[in-house]
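Values in this document were obtained by computation on a predicted structure and should not be read as measured data.
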There are 2 protein chains.
Amino acid sequence: MTVHPDNSTCQNCNQRFNSIFCKANEDHINQINDQKICNVYKKGQTLFNEGSHPFGVFCVSDGKVKMSHLGDDGKEQIIRLVKAGDILGYRALLSGERYSASAEALEDTQVCFIPRDLFVKILKLDSNLAFDMMKLLSDELHRAEVKLTHLAQKPIRERLAETLLFIKETYGYEPDGVTLNVRLSREDIANLVGTATESAIRLLSEFKKDGMIDLEGKKIKIMQAKELLRTANIQD
Amino acid sequence: MTVHPDNSTCQNCNQRFNSIFCKANEDHINQINDQKICNVYKKGQTLFNEGSHPFGVFCVSDGKVKMSHLGDDGKEQIIRLVKAGDILGYRALLSGERYSASAEALEDTQVCFIPRDLFVKILKLDSNLAFDMMKLLSDELHRAEVKLTHLAQKPIRERLAETLLFIKETYGYEPDGVTLNVRLSREDIANLVGTATESAIRLLSEFKKDGMIDLEGKKIKIMQAKELLRTANIQD
DNA sequence: CTGTAAAAGTGACAAAAGTCATTTATTTAT
DNA sequence: ATAAATAAATGACTTTTGTCACTTTTACAG
């Protein structure tokens, strides 16, 4: 991971005006800056595990993280993809519960940890931040409810197409304008779609044969976004 | 529906200390009482529809409501069961979006409408309420994520057992101590489980044959909760 | 009441998706 | 650079679940 000297303070963080703290006042930003603990997680490393206690929230300044539940039979279900500027770990903290999901770095990722008490204090003092937090939770709830409905009602083919578009929305393209800007294993893709790895592999091959995508190892290129959207069959 | 004269003010509402407003101060309760608009919805009537604008939140003082998404192919997915003491309509309001779900009374239901501006104002002034709201959203998000995982990974038999236990948790039993205190159509049950109506019917019959439940029209009696729990195969 | 519509229930069949075994390719560590 | 481990791909097969057509039962309006 590149070292970002200008990035080591919250004031100069490249996500300063991109995160939920964008509207926070200088005083609060300074307090966060004083108490934050920065950390780099290598690809595959775990930020926290399902079942452990939350002691604060994580703020991602660079990198990518997946959050997942372990199903009752040990199969992973990915419930969220986290990008730079996002925070994570707030759900359990605000519920007053242990983590219900695990978080794992998808690539080398730079994260600042904000202690619980400070986060809660600022949330109490800054009602705008509290409203932004409620909006964030409401938006996530919406996403979860839509996903839940699609899992119950849509065939895997449509869900895979939707998932690819979702990855595009979340992480965007590489400079070439077609390659998804993240490397996911076929298993991760399957765990995002909610299907068996083999089924995901087969359908990806079909999508390639149909010319909608192109596959080069873990690189996925979106060749026909429109056709993919049609395949996803999204009406909302 | 029985008329509750003592129930017509928030101060005397039988859900006064059961709702999210239980810790609100007297002044705020008085303001809510002054501005609230009470209404009775008959069974089958709609409180609001997916796609329309939220102008406030609903507080249920008596009755039961289902909230559901319409899937892309027109099939309904029930995403929440609402009981007396619960509020509804807050998700869209806090997101600043239109309703993403519809709400329909499952039986005659008494509801108070709290205007948007008042709700937001009190939320801004009372940080405890704001935190309770964040907790509510976080809990709902957790529920949605668990449900999403189960939809992706568990067979319908397990999900139906889980759904019956969920209905029990939500609405409890009638005085006999075994009959679920709500009448749902087979279609509603299927839309809660996320399956075809015929599959739900078949499995309910199996559960009855196995002695776990008893069916009398729309009455469902839980005969062996433990066996049902084992069938649900829940590890968390 | 009683006819009509809606809901519940059933069977046969088709489609979708998962599982298992095996091969091939790609990483990774030494 | 190369062996070993891990991931991807593929085929055959099974299981699960959905669909359609139909019968029976229940609810309800006139």
Side-chain angles (χ1 to χ4, degrees), chain A residues 42-45 66 71-78 104 106-108 149-163 182-209 213-220 231 233, chain B residues 42-45 66 71-78 104 106-108 149-163 182-209 213-220 231 233:
Chain A
K42 290 220 157 283
K43 177 178 170 172
Q45 281 189 323
K66 69 171 176 182
D72 294 338
D73 54 350
K75 190 174 159 63
E76 173 184 286
Q77 177 67 36
I78 299 181
E104 183 188 318
L106 287 170
E107 55 185 51
D108 294 358
T149 303
H150 289 181
L151 276 163
Q153 298 186 356
K154 301 181 84 170
I156 294 184
R157 186 182 175 79
E158 295 183 16
R159 280 168 22 218
L160 175 61
E162 189 177 11
T163 297
V182 65
R183 298 298 134 86
L184 293 167
S185 67
R186 299 293 191 262
E187 191 180 2
D188 277 342
I189 293 172
N191 294 343
L192 217 31
V193 173
T195 186
T197 306
E198 294 94 325
S199 300
I201 290 172
R202 272 184 253 267
L203 279 168
L204 282 171
S205 302
E206 275 190 39
F207 284 9
K208 180 179 177 177
K209 210 174 57 193
I213 64 172
D214 203 17
L215 300 168
E216 282 178 31
K218 288 198 170 59
K219 283 190 197 175
I220 299 175
T231 303
N233 186 27
Chain B
K42 291 221 158 280
K43 177 179 171 172
Q45 281 189 323
K66 69 171 175 181
D72 293 339
D73 54 348
K75 189 172 159 64
E76 173 185 286
Q77 177 66 36
I78 299 181
E104 183 187 320
L106 287 169
E107 56 186 50
D108 293 359
T149 303
H150 289 181
L151 276 162
Q153 299 185 356
K154 302 182 81 169
I156 295 185
R157 186 182 176 79
E158 295 183 15
R159 284 173 14 223
L160 175 60
E162 189 177 10
T163 297
V182 65
R183 299 298 135 85
L184 293 167
S185 68
R186 299 294 191 259
E187 191 180 1
D188 278 341
I189 293 172
N191 293 344
L192 218 29
V193 173
T195 188
T197 307
E198 294 93 327
S199 299
I201 290 171
R202 271 184 254 267
L203 279 168
L204 282 170
S205 301
E206 275 189 40
F207 284 7
K208 179 178 178 177
K209 210 172 59 194
I213 64 172
D214 203 17
L215 299 168
E216 283 178 29
K218 289 198 170 57
K219 282 191 197 176
I220 299 176
T231 303
N233 185 30

State plainly whether the residues B:D108 and B:K42 are in salt-bridge range, i.e. N to O under 4.0 Å. yes

Min side-chain heavy-atom separation B:Q153-A:D72 under 4.5 Å: no

Taking protein heavy atoms under 4.0 Å as touching, what does nucleotides 23-30 of chain C look like 5' to 3' if B marks base contact, S marks sugar-phosphate-only contact and - marks none? --------

Residue pair A:D188 / A:L106, side-chain heavy-atom distance below 4.5 Å: yes

Spacing between A:I220 atom CD1 and D:dA8 atom P, to the nearest angstrom: 10 Å

Between NZ of B:K219 and C1' of D:dA27 the distance, given in whole Å, is 15 Å

Contact check, side chains of A:L192 and A:L184, non-hydrogen atoms, under 4.5 Å: yes

In whole Å, I'd like the distance from the CD atom of A:E206 to the P atom of D:dT10. 11 Å

Which sits closer to the 5' end of DNA chain D, B:K154 or A:L204, going by the nucleotide each is nearest to? A:L204

Distance in angstrom units between B:L151 CG and C:dA17 P, rounded: 14 Å

What residues from residues 187-202 of chain B pass a heavy-atom cutoff of under 4.0 Å to DNA chain D? B:T195, B:A196, B:E198, B:S199, B:R202

Which whole-number value in Å describes the distance from B:R183 CZ to D:dT26 C1'? 14 Å

Heavy-atom nearest nucleotide on DNA chain D for A:R186 versus B:R159: which residue maps closer to 5'? A:R186

Measuring only between side-chain heavy atoms, which start at C-beta, is B:E104 closer than 4.5 Å to B:Q45? no

Any side-chain N or O of B:S205 below 4.0 angstrom from OP1/OP2 of C:dT10? yes

Contacts of B:E187 that satisfy side-chain hydrogen bond (donor to acceptor under 3.5 Å, both in side chains) - sequence neighbours left out: none

In whole angstrom, what separates B:K208's NZ from C:dT10's C1'? 15 Å

Write down the distance between CD1 (A:I156) and C1' (C:dA15), rounded to a whole number of angstrom. 12 Å

Between atom CG in B:L215 and atom P in C:dG9, what is the gap in whole Å? 7 Å

Can you find a pair of side-chain heavy atoms, one from A:K208 and one from A:D214, that are under 4.5 Å apart? yes

Answer whether the closest heavy-atom distance between the side chains of A:T195 and A:L160 falls below 4.5 Å. no

Are B:V182 and B:K66 packed together at the side-chain level, in the sense that at least one heavy-atom pair is separated by less than 4.5 angstrom? no

